[in-house]
Amino acid sequence: KNAINIISSSNLYTYNLRCENDNVKKHIGLVIGDDIYSTPDEVITKDKQGIDLYSMISIAWQAIKEQQEIINNLQERIEALERKEEK
């Protein structure tokens, strides 16, 4: 799967841990649970009880590489167009 798509298809949520009441500052992150949450399987632990931060960081790293490739391609296209205009 494309890392950018994995990230784009997920949502961050604000939440309290089960042991916290609503007066506690909320956390921000991915949520595991019913199908109502859009947390990618790639970052959920095998036992489905947590988020695998190493996998999450690795996907983010790959997404940065994918975005950089897009940026480089766009930069090359811009430079080619600018050269055409100079002629």
Side-chain angles (χ1 to χ4, degrees):
K1 264 188 170 177
N2 177 302
I4 294 173
N5 289 342
I6 293 170
I7 292 170
S8 295
S9 68
S10 63
N11 290 320
L12 295 179
Y13 301 92
T14 56
Y15 61 91
N16 288 104
L17 299 175
R18 291 180 185 147
C19 62
E20 299 173 336
N21 63 36
D22 286 338
N23 297 334
V24 176
K25 180 182 174 189
K26 296 203 179 294
H27 302 273
I28 300 171
L30 299 169
V31 175
I32 301 169
D34 306 322
D35 291 334
I36 61 171
Y37 300 110
S38 58
T39 299
D41 291 336
E42 291 85 353
V43 300
I44 298 175
T45 58
K46 265 188 178 179
D47 64 4
K48 300 191 184 306
Q49 297 299 308
I51 299 295
D52 181 346
L53 293 179
Y54 182 78
S55 294
M56 192 170 165
I57 291 167
S58 297
I59 290 169
W61 188 280
Q62 180 62 32
I64 291 167
K65 289 173 56 177
E66 292 170 11
Q67 288 177 335
Q68 190 58 48
E69 185 176 337
I70 292 167
I71 291 166
N72 291 345
N73 290 338
L74 290 171
Q75 197 168 22
E76 287 174 13
R77 289 177 62 190
I78 290 168
E79 289 169 2
L81 288 170
E82 288 174 342
R83 284 192 298 274
K84 272 186 181 179
E85 287 179 4
E86 290 174 1
K87 289 181 181 181

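Judged by distance alone, the side chain of Asn16 and the main-chain N or O of His27 form no donor-acceptor pair under 3.5 Å. A donor-acceptor contact shorter than 3.5 Å is absent between the side chain of Gln62 and the backbone of Ala3. With hydrogens and angles ignored, the 3.5 Å screen pairs no side-chain donor or acceptor of Thr45 with any backbone N or O of Asp52. Checking side-chain atoms of Glu20 against main-chain N and O of Leu17 turns up a donor-acceptor pair under 3.5 Å.
Residue Gln67 comes nearest to Ile4 through the heavy atom pair CG-CD1, 3.6 Å, listed as atom of the first residue, atom of the second, then distance. Looking at every heavy atom in both residues, Leu30 comes nearest to Asn11 through CD2-O, 3.3 Å. Taking all atoms of both residues into account, the shortest heavy-atom contact from Ile36 to Tyr13 is O-OH, 4.0 Å. Among all heavy-atom pairs drawn from Ile32 and Lys48, the shortest one is CG2-O, 3.7 Å.
Interatomic distance, CD1 of Ile6 versus OG of Ser55, reported as 10.0 Å (0.5 Å rounding). Interatomic distance, Ile28 CD1 to Lys26 NZ, rounded to the nearest 0.5 Å: 11.0 Å. Within the model, atoms CG of Leu74 and CD of Glu79 stand 11.0 Å from one another, a figure rounded to the nearest 0.5 Å.
In this model, no donor atom of one side chain and acceptor atom of the other lie less than 3.5 Å apart for Glu76 and Asn72.
By the 6.0 Å contact criterion, CD on Gln68 is enclosed, its count of non-hydrogen atoms from other residues, nucleotides or ligands being greater than 12.
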